[in-house]
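Report on the following structure.
Side chains included, hydrogens not; waters and symmetry mates left out as well; all remaining heavy atoms used.
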Amino acid sequence: MPVTPEPDPPDYRQDLVARPESLAIMRRIVSAHVDLWGFRELSDSVTLCAHELLANVDRHTGSPHCTITLRRRPDGVRVTVTDTNTDPPTSREPDEDAEGGRGLALISGIAEHFGTVIRRDSKDVWAEILTSRPAALA
């Protein structure tokens, strides 16, 4: 009987505490999944978006507890970060010398689409990074 390889999982989901010291590990995990799914050319962009979304949880939500979900799509990857704060993220104009405040603008420039879904006790902030070539879903 021939052995059929298992298809790559279409999603990766991880509950975590989004602290600066955990972000390097998450960048490696995100990059590995994007590469595994055949989107190596998107790896830097997806990883950067994931990093910014996770960093915003620690800085702006009052609790670093969150969930990151990577969803493989035929044309790219959707990264979603869910946290327990229901306030939508807000873009702001950082002054030249500010160290932060550019995350949403950065995501807006990289992602084809991004947005927020507010729920009663949580929110999802997501970004879709797409390629012009569809990959075969296993």
Charged N-O contact under 4.0 Å between Arg119 and Asp124: yes
Validation row: [X], [Y] side chains within 4.5 angstrom (heavy atoms):
X: Val57; Y: Val81; result: yes
X: Val79; Y: Val30; result: no
X: Val46; Y: Phe39; result: no

Euclidean distance, [Y] [atom2] relative to [X] [atom1], rounded to 0.5 Å:
X: Ile110; Y: Glu112; atom1: CD1; atom2: CD; value: 12.5 Å
X: Thr131; Y: Glu41; atom1: OG1; atom2: CD; value: 4.0 Å
X: Thr80; Y: Arg13; atom1: OG1; atom2: CZ; value: 10.0 Å
X: Leu54; Y: Arg19; atom1: CG; atom2: CZ; value: 13.0 Å
X: His33; Y: Thr47; atom1: NE2; atom2: OG1; value: 11.5 Å
X: Ile129; Y: Asp75; atom1: CD1; atom2: CG; value: 11.0 Å

With the 4.5 Å side-chain cut-off for hydrophobic clustering, are [X] and [Y] part of the same group?
X: Ile107; Y: Ile118; result: no
X: Trp126; Y: Leu70; result: no
X: Val17; Y: Leu23; result: no
X: Val125; Y: Leu130; result: no
X: Val77; Y: Val117; result: no

Between Lys123 and the options Thr116, Asp87, Thr86, Asp83, the side chain to side chain donor-acceptor pair (under 3.5 Å) test singles out Asp83
When Asp11 is tested against each of Arg78, Arg72, Arg71 for side chain to side chain donor-acceptor pair (under 3.5 Å), which residue passes? Arg71
All heavy atoms of Asn85 vs all of His60, minimum pair found to be ND2-O, 4.1 Å
Taking everything shown except Arg27 itself, do over 12 heavy atoms lie less than 6.0 Å from its CZ? yes
Heavy atoms from other residues, nucleotides or ligands near CG of Asp44 exceed 12 (cutoff 6.0 Å): no
Can you spot which of Leu16, Asp15, Thr82 makes a side chain to side chain contact (heavy atoms under 4.5 Å, CB included) with Ile68? Leu16
Do Ser31 and Ser43 meet the criterion of a side-chain donor-acceptor pair at a distance under 3.5 Å? yes
